[in-house]
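Protein chains get the first letters and strands the later ones, always in sequence-line order, with residue 1 at the start of each.
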Amino acid sequence: MIKDTVEYKIDDKFDFAIFIPVVVLIISGLVAIYSSTLNHPTASGNFNKQLVWAVFSIAIFFIIYFLPPLIFKVSSIPVYLLSIVLLLAVIFIGSRIYGAKSWITFGPVGFQPSEFAKVGLILFLAYWLTDKKRDINKIKNLAMGFGIGLIPILLIMMQPDMGTALVFAFISLAMIFWAGISLFGLFIVLSPALVIFASLFGTVAHIVALIFILFALILFKRNLFTSATIFVANLASSYFFDFAVSLLQPHQQKRIFAFINPYSDPLGSGYNSLQAKVAIGSGGFLGKGFLEGNQTQLRFIPAQWTDFIFCVIGEEFGFIGSIIVITMFMILFLRMAKLASSAKDGFSSLIVVGILTLFFVHFVINIGMNTGIAPVIGIPLPFLSYGGSSLLVNMVLLGITLNVYKNRVTHT
Amino acid sequence: MIVEKQNIGSPSRYRIMVVVVMFFVAMMFFQLFKMQILDNENYQVKSDENSVKKITVDPPRGIFFDRNFRVLVSNKPSYTVEVLPSEYKSEQNSILEIALNEEEGYVSSILNEKKEFSKFIPRKIKRDVEFSTVTWIEENKNNLDGIDFRIEYKRDYSFGVYGSHVFGYIKEISPEQLRNESEFYSMGDYAGFSGIEKTYEKNIRGIKGAKFMLVDAKQKTVNRYLQGNNDLEAVKGNDLVLTLDYETQKKAEELFEGKKGSLVAIEPGTGEILALVSSPFYELSNLGGVTTTDNWKKLLSDPDKPLFNRATMSIYPPGSTYKMVAAIAALEEGIITPNFTVKCTGSFFYGDRSFGCDHVHGTTDLVKSIEESCNIYYYKLILKLGLDKWNEYSKKFGFGRKTGYDLGEEIAGILPSASYYDRKLGKGKWTSGLSINLSIGQGEISATPLQLAQYTASLAKDGETVKPHLVKGMIDSKNNNFIPFEFPKSNNGISKKNYDIINEALYKVVEGEGTATHIRIPGIKMAGKTGTAQNPFGKNHAVYIGYAPFENPKIAVAVIVENVGYGGSHAAPVARDIIKTYLRIPDNKIENRIAVAESND
């Protein structure tokens, strides 16, 4: 554990083990964006834009880093409420980009309220979970906790942006988990997700999952009424999911089915997934070299600089390049987990876990869809994918993280 | 389970979190290891297939030289407009039709024709377009989807000879052919459909090359693959050296302008065809290169059938030119000697039928019978000889069967025999009176001009022949070596002594007091025979066969001019001009004689 010291070293106030991997990731992202947009008819300016955003975001990061820690607790309620207002507003006045209404534009500047809401959710949920020392294992509190997450989730689903809604759900789940939910509570929360996931793979998998739930309920030995209620809720969940899928845009439905069988539609929804795999797989051990990847340079993957940026690394820098990126993320995550467990108070700890979860879920889904082990859910890879507002919010969150690090002990 | 009041970030939950992180990181590590190390080769292949496009390079076809290496048919570049269906939008139909100067529906009809093929294969929409169309495409490239052009070779026939039936035409390959020979041809390829272009297709089509290009996801060409190191150069087709003589062929075509009929000239002893004309002929440039349905319809509906090769596909009664068959047969069989005479009174009775002669020749021996073309002599001779012997010797001269000439497209003609009449009229229901007409080359006997030319060459060389052919050999495009083609020789075994008698008579036809004295060429001794083929449908066909120089024959020629009358007047002068041209005798040395021979065939 990190000790209090009188003569503190810079290491005690600033965690280079978090900051340097992020800088490496941002630089990797810039290299990959440069490669994938070189000579591109419409995206050739993206490298310069991202470079400006990177510099700006790092500046903002340092501002956040130096802010007094109290400000996060104080601002948690207003930031959350503003997030809700903006998420409502985007449904009415947002601009539609790639089939989803998720952008609010002010003249040339556009931003996504869902990015802003990430900060709002993490701060407010951390505040609510630690305020008045609530027992998260009380059904009422558990419901309230999820309610805080559910409001932005539902609003984001209306855009519709399923990927981000999923990220919000995982953030809420992880923070409630960190706050000390019991195994049974966790089971109640997770079992419907398991059933839904299994139902995607056919009736047999669906039934197996339900039997598994039934056995688990017997092992938990709760009263019959509670167990029965939970089982019925699980039964209902897959029908609710089918209903939710029917609300999805056709292109999103296709993506879910293309994940289960990418060859079902090789030139449609499965196309990106197949091409991404070919790009990464053909990279080999050392990669094809900077600006030498034919999949990237010949633009086989549309808008590769956003969600499929990892392919550029995989193709042009090979296994070595991919592993360096994965390792940077791993260091970041492990370091943040450590920080969460050593933070000064529950609020700071939960904030770090929320941020960690955000980065981690993005990382898993994004790399997963690039390597063909997750469906194509359009969410960016933190610090690497092109996108100014996303990078800015990630750096703000990193600023909060290092702010927590700086203030984890009281320096004299 | 014990639940603490505030249990944020317990060590066990920290451990769970670390395990979850490590689990997913490990999963990604293994997935990347599998894809990039273990399955790398598979993905590499897919990646190459994705982005490397093979563009075939069509080789130029071999060109045709005459026997003296003078160009007869060559190639010239032309522009072909192509459409790639995977990118093409049908809204562009009208603008493309305007640019190509075609009527509405033209583009869609061509695209529909080839619907069954992959939409990633370009369709050739129009060949030989104007250069202005090419510049229009080049200038509007960014606004035109899936429209492009390529440079192709087309046949150049601008060297002064038509050679319609000799060279043949090339045409876009049909879908059936494409399926049968898919290892060589691809859609839109041209292949020989008639003549030399068809027969020697495999020699002249060359070997296709390939260019490998890097294409982007929209199949747009970005760069060359491996700087073109893997490209395969197209190998030009082998050039052919034909047996034709440019000057002679050209002269023959000039002479037949406005006439119907055919001419075949053969070099005796080698079987090399020096000139071959079937008239009316047509311009091959109207058929090669550009798709012109109008031209096709015109050629197909023409009552004079210009597409039909009269030299090998039309049969005519040979008339008096056939008399030498009976004569040589009777000599060879010892039935007569050259001194055998017949008294010609101008007519001959067999049973209750009368057969005539154009003149009263009086006492006629064999030489005179040929020189002055007496019919009565042959009426009597055939009755002595018999149909079977006549048939046997006809066969020795190649009648009644195909000559086997290299282009193949020919018919055997009709050579009557006893069994032929048995079949036609019934056994015992015909008499040898039928053979009387045959003896003077009338009646059922009929032959192609090519057969007559081969017969003439055979007489000139005392029975020695080579299968007639149009191609001497080819020039291997890989090393420029000349590779001669071999054609079988044969000899019909008739004695030289008897040939000498017949040839002396043929000599006298031109150089003595015969029926073709008006075609003499000063300085050259010629032999020949006039003939008139009876035509029940109209005016008789004029026939002439002959060779020159008499002492050392270099050219044997058969001429048939349809519906003009006597062979002496209309066919013999044509032969004279051809011989004169082939032997390179200047015009001024020829006395301008008017055709005087009238009714003495």
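- Atom OH of A:Tyr127 sits in a sparse spot, with 12 or fewer heavy atoms from other residues, nucleotides or ligands closer than 6.0 Å.
- To the nearest 0.5 Å, the span separating CD1 on B:Ile8 from CG on A:Leu350 amounts to 4.5 Å.
- Chosen from A:Gly368, A:Ala343, A:Gly293, A:Gly318, the residue pairing most often with chain B at heavy-atom distances under 4.5 Å is A:Gly318.
- Applying the 6.0 Å contact sphere to CZ of A:Phe319 captures more than 12 heavy atoms from other residues, nucleotides or ligands.
- To the nearest 0.5 angstrom, B:Phe29 atom CZ is 10.0 Å from A:Met330 atom CE.
- Among the candidates A:Ser322, A:Gly287, A:Gly283, A:Ala279, the residue making the largest number of heavy-atom pairs closer than 4.5 Å to chain B is A:Ser322.
- Contact of the B:Met28 side chain with the A:Phe329 side chain is not registered, since no non-hydrogen atoms from C-beta on lie closer than 4.5 Å.
- Dense packing is recorded around CG of B:Asn140, with more than 12 heavy atoms of other residues, nucleotides or ligands lying under 6.0 Å away.
- Residue contact with chain A, scored on non-hydrogen atoms closer than 4.5 Å, is absent for B:Val45.
- Residue B:Phe184 places its CZ atom among more than 12 non-hydrogen atoms of other residues, nucleotides or ligands, all under 6.0 Å distant.
- Proximity to chain B (any heavy atom under 4.5 Å) is restricted, for A:Phe310, to the side chain, taken from C-beta onward.
- With a threshold of 4.5 angstrom between heavy atoms, B:Leu38 does not approach chain A through any atom at all.
- Within the 3.5 Å criterion, the main-chain N or O of A:Ile181 finds a donor-acceptor partner in the side chain of B:Arg13.
- In this structure, the separation between OG on B:Ser47 and NZ on A:Lys288 is 3.0 Å, given to the nearest 0.5 Å.
- A 6.0 Å sphere centred on OH of B:Tyr153 holds no more than 12 heavy atoms belonging to other residues, nucleotides or ligands.
- Put simply, the side chain of A:Phe360 reaches to within 4.5 Å of the side chain of B:Val21, judged on heavy atoms.
- The 12-atom threshold is exceeded at NZ of B:Lys208, counting heavy atoms of other residues, nucleotides or ligands nearer than 6.0 Å.
- Among the candidates B:Leu32, B:Val25, B:Ile16, B:Val18, the residue making the largest number of heavy-atom pairs closer than 4.5 Å to chain A is B:Leu32.
- Within the 4.5 Å cutoff, side-chain heavy atoms of B:Met17 are placed close to those of A:Leu356.
- No more than 12 heavy-atom neighbours from other residues, nucleotides or ligands sit within 6.0 angstrom of CD1 on B:Ile95.
- Evaluated for a side-chain contact (heavy atoms from CB on, under 4.5 Å) with A:Thr371, the options B:Met35, B:Gln36, B:Lys34 yield exactly one hit, B:Met35.
- In this structure, OH on B:Tyr14 lies 11.5 Å from OG on A:Ser349, to the nearest 0.5 angstrom.
- In this structure, B:Phe24 and A:Ile367 have side chains that are not in contact, with every pair of non-hydrogen atoms separated by 4.5 Å or more.
- With a threshold of 4.5 angstrom between heavy atoms, A:Ala340 does not approach chain B through any atom at all.
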